[in-house]
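Take a look at the structure set out below.
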Amino acid sequence: MNEQHVDYTEDREDLNELMAVRREKLRDLIDLGIDPFGEKFERTHTAQEILDRFDELEGQDTVIAGRIMSLRTHGKATFADLMDSTGRIQLYLRVNTLGEELYELLQKVDIGDILGIKGTIFRTRRGEISVEVLDMKFLSKSLRPLPSKWHGLKDVDLRYRQRYVDLIVNPGVREVFETRSKIIQSLRKFLTERGFIEVETPMLHVIAGGAAARPFTTHHNALDMDLYLRIAPELYLKRLLVGGFDKVFELGKMFRNEGISTKHNPEFTMCELYMAYGDANDMMNLTEEVYAYIAQEVLGTTKITFQGQEIDLTPPWPRVPMLDAIKEHSGVDLTGLSAEEARKAAKEKGLAIEPNATYGQVLDEFFDVFVEPKLIQPVFITDHPVEVSPLAKRKKGNPNLTDRFEPFIVTWEVANGFTELNDPIDQEYRFRQQMAQREAGDDEAHMMDEDYIRALEYGMPPAGGLGLGIDRMVMLFTDSPSIRDVLLFPHMRPRS
RNA sequence: GAGCCAUUAGCUCAGUCGGUAGAGCACCGGACUUUUAAUCCGGGUGUCCCGCGUUCGAGUCGCGGAUGGCUCACCA
């Protein structure tokens, strides 16, 4: 083994006074033969348990551990607040009970240190449930000062880059991520209770399919080939329907090489699920059910508040064909128009449209401008044009539209689903259309996937499919206006 | 990618007309054995985001850059 030598006495000139003082205390502890970074520590209670069960625990001994969040010294007695993952509890330290030696050691304790405490549970004269300390151990000396105790950390840049500090000093941040965990748990429970099997499909794709988006590119050295990070798991999951699975879902990260905004992060979480022998209608039922189920499980109600507006998630949600919604909100009926007529209608409404825009693209533009901003309460927008839905089955009676839907809540598209196209000949035709669009300069058009066509040729049962945006769901349920508030480590440009 | 705004002590923020850098908390020294934003006395700890320029003199004015926020664009 190499000889290791850690120098705790090194003087570093890059440290500010606050950090230098903490290092000095660290050295003092080492000189006293005390390990500042502790070891395994068995606790008997959490802070919250003591607060909740005080009546039965009063007078008993307890062993707790956590981070010191404030210190109030009064000469020969000191009060401190200890924070663990469940909450805060006050410590009372007295020279009489601790002894001179241990009480002296208190001078080496800084706010931020993680201590192990043995003590007696009692209530102070002022009525605060506290632990009178009999013994204390350093479990981790903190070498950096925490942000001010009542302003917390406000600088959003620092909050995201140093989420660990944000979590320590800003109460509520932890809650958002605890809620996120509960939401994902409820979702898994909901789906597995209904017979869905959770699967994992590749994240490294040879063809980035299943959505219209620019992919990230990476490289496999041994094979000397470029690969894409997945933009959607859709085509793999439907291969599983071909293989005989009836109900599958995958919950995981997707990667899209696009802009960053309050609603977009380059990597985000989606849940896709597929149900053999079902259709878009089943998926709409499932969407409103799963939203109501999770809201009930996590928040105890299906009426939630987002940024001051009440949102009623109680099923059923209205289902409105896209053309009807456009007609209602713009006054323009685009039904049955040619691409050219649609472009003309767009110009009359002052919309910026590409000269060679397809009928579907014109519809999208009308929808984005006139309809989307109005969709506050949950609503399904249905029957999307076929050009923008290359994987969805055509609508019976109107081959220009598909059996597709997108639910909207607070103007956000929170999911996307449709009756799956299981006709390999039509699918190949759609891919070719997409390739033509790609050649015309649309680098988000779908790529050809020969193997997927082959899978469909073996026969895929009719099916309904759904993709749920998990980050937006968490935003909605935690009243968070930015996706960065529901991602522990949102993407940030590295700082030089 | 474009526009607007922000960046000053560890944190939260002030800084007037261009004239030697300020507060609260935190921190350091002292007093204090039931406080809780403890209190009282004393102490300011700084690459004013970076660079260039204007000026006798720049935190402040100009130009360029970095990072972030918001809006727009992009994102079916």
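Below, chains carry the letters A, B, ... as their sequence lines are ordered, and counting in each starts from 1.
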message: Can you identify which nucleotide, out of B:rU33, B:rG69, B:rU35, has its nearest atom closest to the A:Y92 side chain?
response: B:rU33
statement: note: A:D485, atom CG; B:rC70, atom C1'; distance rounded to Å ~ 14 Å
field: Contact list for RNA chain B against residues 67-76 of chain A - heavy-atom distance below 4.0 Å
entry: A:R72, A:T73, A:H74, A:G75, A:K76
field: Any donor-acceptor N/O pair under 3.5 Å between B:rU35 base and A:Q90 side chain
entry: yes
- prompt: So what does A:E258 hit on the nucleic acid, given a heavy-atom distance under 4.0 Å: a base, only sugar-phosphate, or nothing?
  reply: sugar-phosphate
- line: Considering only heavy side-chain atoms of A:R125, the closest of B:rA26, B:rU33, B:rU34 is B:rU34
task: Looking at every strand, decide which applies to A:L158 at a 4.0 Å heavy-atom threshold: base, sugar-phosphate, or nothing.
output: sugar-phosphate
- prompt: With a 4.0 Å cut-off on heavy atoms, is A:R214 in touch with a base, just the backbone sugar-phosphate, or nothing at all?
  reply: sugar-phosphate
- request: Specify the residues of residues 486-493 of chain A, ordered by number, for which at least one heavy atom lies under 4.0 angstrom from an atom of RNA chain B.
  value: A:M492, A:R493
Cation over ring face, A:R239 and A:Y236, 6.0 Å, 45°: yes
- request: Would you please confirm or rule out a distance under 4.0 Å between OP1 or OP2 of B:rC74 and any side-chain N or O of A:K263?
  value: no
Sugar-phosphate, base or nothing in reach of A:Q361, heavy atoms under 4.0 Å: nothing
message: Tell me which residues in residues 366-377 of chain A lie within less than 4.0 Å of RNA chain B, going by non-hydrogen atoms.
response: none
- line: Considering only heavy side-chain atoms of A:R484, the closest of B:rC70, B:rC28, B:rC25 is B:rC70
- request: Could you tell me whether the side chain of A:R163 and the main chain of A:L487 form a donor-acceptor pair under 3.5 Å?
  value: yes
task: Return the value, rounded to whole Å, for the distance between atom CG of A:L93 and atom P of B:rA38.
output: 15 Å
query: In terms of ring plane angle, is the pair A:H74 and A:F79 parallel, tilted or perpendicular, where the classes change at 30° and 60°?
result: perpendicular
statement: A:E17 has its side chain closest, among B:rC11, B:rA26, B:rC28, to B:rC28
- prompt: Judged by atom type as modelled, is there a donor-acceptor pair below 3.5 Å linking the side chain of A:K349 to the main-chain atoms of A:S330?
  reply: yes
field: Candidate nucleotides B:rU33, B:rU67, B:rC27, ranked by approach to the side chain of A:D157 - the nearest
entry: B:rU67
- prompt: Looking at A:R161, does any N or O in its side chain come under 4.0 Å of the phosphate oxygens OP1/OP2 on B:rU67?
  reply: no
field: A:E340 and A:K344 ion-paired at < 4.0 Å
entry: no
message: Considering every strand and a 4.0 Å limit on heavy-atom distances, what is the contact class for A:P481: base, sugar-phosphate, or nothing?
response: nothing
task: Tell me what A:V95 touches on the nucleic acid: a base, only sugar-phosphate, or nothing, going by heavy atoms under 4.0 Å.
output: base
field: Modelled atom types, side-chain donor and acceptor of A:Y92 and A:T97, under 3.5 Å
entry: no
query: Looking for any heavy atom pair under 4.0 Å, which part of the strands does A:R159 touch: base, sugar-phosphate only, or nothing?
result: nothing
field: Integer-rounded Å distance: B:rG10 C1' and A:D155 CG
entry: 13 Å
task: Determine, using ring centers only, whether A:F306 and A:W412 are less than 6.0 Å apart.
output: yes
- prompt: Any side-chain heavy atom of A:L51 within less than 4.5 Å of one from A:Q48?
  reply: yes
- prompt: Contact class for A:G152 vs. all strands (heavy atom < 4.0 Å): base, sugar-phosphate, or nothing?
  reply: sugar-phosphate
- prompt: Ring centroid separation for A:F405 and A:F380, is it under 6.0 angstrom?
  reply: yes
- prompt: Say you draw a straight line from OG1 of A:T62 to CG of A:L57; how long is it, rounded to the nearest 0.5 Å?
  reply: 7.0 Å
field: Salt bridge flag under 4.0 Å for residues A:K393 and A:D423
entry: no
message: Whether the side chain of A:K238 engages the backbone of A:Y274 through a donor-acceptor N/O pair (distance < 3.5 Å, no angle test) should be reported.
response: no
- request: Starting from P on B:rC25, measure out to NZ on A:K154 and report it in whole angstrom.
  value: 16 Å
field: Phosphate OP1/OP2 of B:rU34 contacted by A:R126 side-chain N/O (<4.0 Å)
entry: no
message: Heavy atoms only, 4.0 Å cut-off, all strands: where does A:R22 land among base, sugar-phosphate and nothing?
response: nothing
task: Assess whether one donor atom and one acceptor atom, taken from the side chain of A:N96 and the base of B:rU33, lie less than 3.5 Å apart.
output: yes
- request: Please step through side chain to side chain contact (heavy atoms under 4.5 Å, CB included) for the pair A:R23 and A:L143, ending with a clear verdict.
  value: CA-CA 6 Å; A:R23 295 226 171 195; A:L143 297 179; 4.2 Å; yes
